[in-house]
> 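Here's a structure for you.
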Amino acid sequence: MENKLFVHNTLSRKKEEFKPVKPPYVGMYVCGPTVYGDAHLGHARPAVAFDLIYRYLMHLGYKVRYVRNITDVGHLEDDADEGEDKIAKKARIEKLEPMEVVQHYTNRYHQNMDALNVLRPSIEPHASGHIIEQIELVKKIRDKGMAYETNGSLYFDIEKYNQDHRYGILSGRKLEDLMSETRSLEGQDEKKSSFDFAIWKKAQPEHIMRWPSPWSDGFPGWHAECSAMGIKYLGEEFDIHGGGMDLLFPHHEAEIAQSTVAYGKSPVKYWLHNNMVTLEGKKMGKSLGNAIPLYEVFSGEHKLMEKAYSPMTIRFFILMAHYRSTLDFSNEALQAAEKGLKRLMQAMQTLEDLKAGEKSDFNIQELEKNCYEAMNDDFNSPVVISQLFEGVKIINSVHDKKASLTEEDLDLLQKVMRTFTFDILGLQEESKGGQDELIDYLMQTLLDIRQNARKNKDFATSDKIRDELARLNIVIKDSKEGSSWEFGG
RNA sequence: GGUCUCGUGGCCGAGUGGCUAGGCAGAGGUCUGCAAAACCUUGUACGGCGGUUCGAAUCCGCCCGAGACCUCCA
């Protein structure tokens with residue numbers, strides 16, 4: 001089967017055939033979290049989206065080095081906290097060492113991502129561990145004359161850069177437009193132009209996180225880390241750079257400018273951007289105050305949650321939309337995802353002991369083809385899912401003996417369903433309720449007693465068991481194979 | 001104000017110049033002591049107005065509406 005993968009490149013705003021710089025190797029850099037708070041639904045989006053991409057590239061046989069950074073220095077806050085590092089601010093408030101805060105939220109981020117079955121990247125570099133590399137980058141930019149120093153801070157000279165390059169190539173902006181909209185903000189007097197950005201920033205006296213440099217005790221500029229670490233681990237030109245659309249400008253634009261000056265070329269072949277999670281049509285974001293932390297989704301304790309939603313439900317919910325579309329959150333939508341996932345997983349189990357027959361009533365090869373075509377078309381997971389549900393129908397009708405599959409087709413169906421559901425979409429079975437041996441044993445006993453009662457037509461007893469358990473939110477499900485139970489929704 | 005994106009059936013969400021994804025909900029059915037669960041079947045929607053075309057929801061123009069970025073943000 002030929003696998004021509006097409007990806008949507010933000011640079012061209014078109015789908016382009018994916019051709020790695022140095023096959024079979026693929027270098028992929030994705031902007032990771034700023035670890036000064038808990039991950040929310042919005043953070044799950046790129047993590048899952050690029051996990052899908054990572055998994056699929058590996059499935060296609062590429063040797064992928066996936067780098068996702070941890071941002072633990074350097075992001076300035078606006079006006080009120082002018083010049084103060086987010087991490088440092090949080091640290092002071094909670095009376096903790098900055099690196100203690102970083103470690104705490106990094107751990108929690110990992111817990112959330114593990115729950116979502118997001119594979120760990122190959123390398124997860126910390127910005128704070130690459131200050132030297134960032135200083136080297138700043139030096140290179142300075143040596144090329146593209147930076148100027150003011151009071152110990154260095155700024156990237158956009159206007160100068162734009163003489164020979166195009167600042168705005170990624171976001172489709174024109175410098176003239178940017179200039180015309182310049183409404184001077186306070187505290188910008190160190191910069192020649194408001195759109196110049198800091199590549200090294202002098203630390204204020206109260207600033208805890210600081211490092212020595214040729215210019216001042218301070219910290220690297222907002223965009224330096226990704227340029228420096230991307231190049232360090234993936235080279236001066238690598239294949240994929242990903243992140244949220246909100247990072248497109250100025251963050252990724254600045255990265256291109258920095259690397260172009262420092263290394264003489266644009267660093268990335270394919271820029272991929274995931275869209276936002278929205279809530280009531282509005283972007284979910286920490287600074288907007290409408291972000292729902294993942295752990296409050298998983299536990300259901302957030303005020304907007306009608307119930308708890310499992311990590312796999314969230315993962316499935318995210319995959320049900322294409323990564324470049326906005327995804328609107330609502331309880332109704334999440335419950336739809338929850339039920340759909342349950343049906344898919346149930347069918348996956350049914351598939352395990354399906355029996356082959358004489359003839360095939362379905363075209364399994366076509367199903368497989370459709371799945372690959374969907375993934376090859378810019379990772380279209382919703383279409384893959386629609387195909388998996390076609391598979392569910394096939395599985396159930398074969399199971400109900402309304403149709404049949406030959407041995408060969410059954411094997412193929414199993415292979416396709418497993419590959420796409422588990423390996424590529426990264427879905428997994430979630431253990432329900434009965435982790436506890438004692439509970440399992442008690443429940444089994446109760447179910448046995450009830451089964452006996454039913455056999456003896458003692459429906460008063462059997463119904464009492466069912467009703468009493470229902471009060472504990474335990475649902476009994478009868479089927480031909482026997483009864484099972486689970487915690488209700 | 002500038003740049004850009006989107007508007008699909010009750011909800012979520014793919015896609016496409018003619019061959020009408022999928023999930024959830026709803027309806028009907030099978031099963032069941034009754035129920036629940038499970039399974040099967042079922043829905044011709046594409047913001048408005050013009051234009052191009054044999055044919056447009058899909059292309060073009062205008063209008064209306066929503067959103068993103070332009071400041072930290074996944």
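Residue numbers begin at 1 in each chain, while the letters A, B, ... track the order of the sequences. Bear in mind the structure is a predicted one, so any value in this text is a computation, not a measurement.
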> Show me the pairs that pass salt bridge (charged side-chain N to carboxylate O under 4.0 Å, His left out) and involve residues 280-290 of chain A, at least two apart or across chains.
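Residue pairs with at least one partner in residues 280-290 of chain A: Asp246(A)-Lys283(A).
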> State which residues pass side chain to side chain contact (heavy atoms under 4.5 Å, CB included) with Ala336(A); sequence neighbours excluded, sorted by chain then number.
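Scan of Ala336(A) (side chain to side chain contact (heavy atoms under 4.5 Å, CB included), adjacent residues dropped) gives none.
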> Test your reading of the model: is there a side-chain donor-acceptor pair from Lys402(A) to the backbone of Ser397(A), 3.5 Å cut-off?
no
> How does protein reach along nucleotides 13-18 of chain B, written 5' to 3' as B (base within reach of a heavy atom under 4.0 Å), S (only sugar-phosphate), or - (no contact)?
SSS---
> What does nucleotides 33-46 of chain B look like as a protein-contact string, B for base, S for sugar-phosphate only, - for none, at under 4.0 angstrom between heavy atoms?
BBBBBSSSS-----
> Under the salt bridge (Lys or Arg N to Asp or Glu O under 4.0 Å) test, which residues partner Arg13(A), sequence neighbours left out?
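Partners of Arg13(A) under the salt bridge (Lys or Arg N to Asp or Glu O under 4.0 Å) test: none.
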> Going by salt bridge (Lys or Arg N to Asp or Glu O under 4.0 Å), name the residues that satisfy it together with Arg166(A), two or more places apart in sequence or in a different chain.
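Partners of Arg166(A) by the salt bridge (Lys or Arg N to Asp or Glu O under 4.0 Å) criterion come out as none, since no residue qualifies.
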> Between Tyr155(A) and Lys192(A), is any pair of side-chain heavy atoms under 4.5 Å apart?
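Not in contact.
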> With RNA chain B as reference, determine whether Ser330(A) or Ala337(A) sits nearer its 5' end, using the nearest nucleotide of each.
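Of the two residues, Ser330(A) wins.
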> Please, what dot-bracket string fits RNA chain B when only Watson-Crick and G-U pairs with both distances under 3.5 Å count, crossing ones use [ ] and pairs to another strand use |?
(((((((..(((.....[...))).(((((.......)))))....(((((..]....))))))))))))....
> Can you pull the salt bridge (charged side-chain N to carboxylate O under 4.0 Å, His left out) pairs that have at least one residue in residues 339-351 of chain A, sequence neighbours excluded?
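Sorted pair list: Lys342(A)-Glu486(A).
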> Salt bridge (Lys or Arg N to Asp or Glu O under 4.0 Å) with Glu159(A): which residues, sequence neighbours excluded?
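Checked Glu159(A) against salt bridge (Lys or Arg N to Asp or Glu O under 4.0 Å); zero matches.
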> So, using salt bridge (Lys or Arg N to Asp or Glu O under 4.0 Å) as the criterion, who are the partners of Arg45(A) when residues are at least two apart?
none
> Would you please classify the geometry between the His241(A) ring and the Tyr29(A) ring as parallel, tilted or perpendicular, with 30° and 60° separating the classes?
tilted
> Which residue pairs pass the salt bridge (charged side-chain N to carboxylate O under 4.0 Å, His left out) test with at least one member in residues 370-383 of chain A, sequence neighbours excluded?
Lys15(A)-Asp377(A), Arg324(A)-Asp378(A), Lys369(A)-Glu373(A)
> Can you tabulate the close N/O pairs, meaning under 3.5 Å, that link protein atoms to atoms of nucleotides 5-10 of chain B?
none

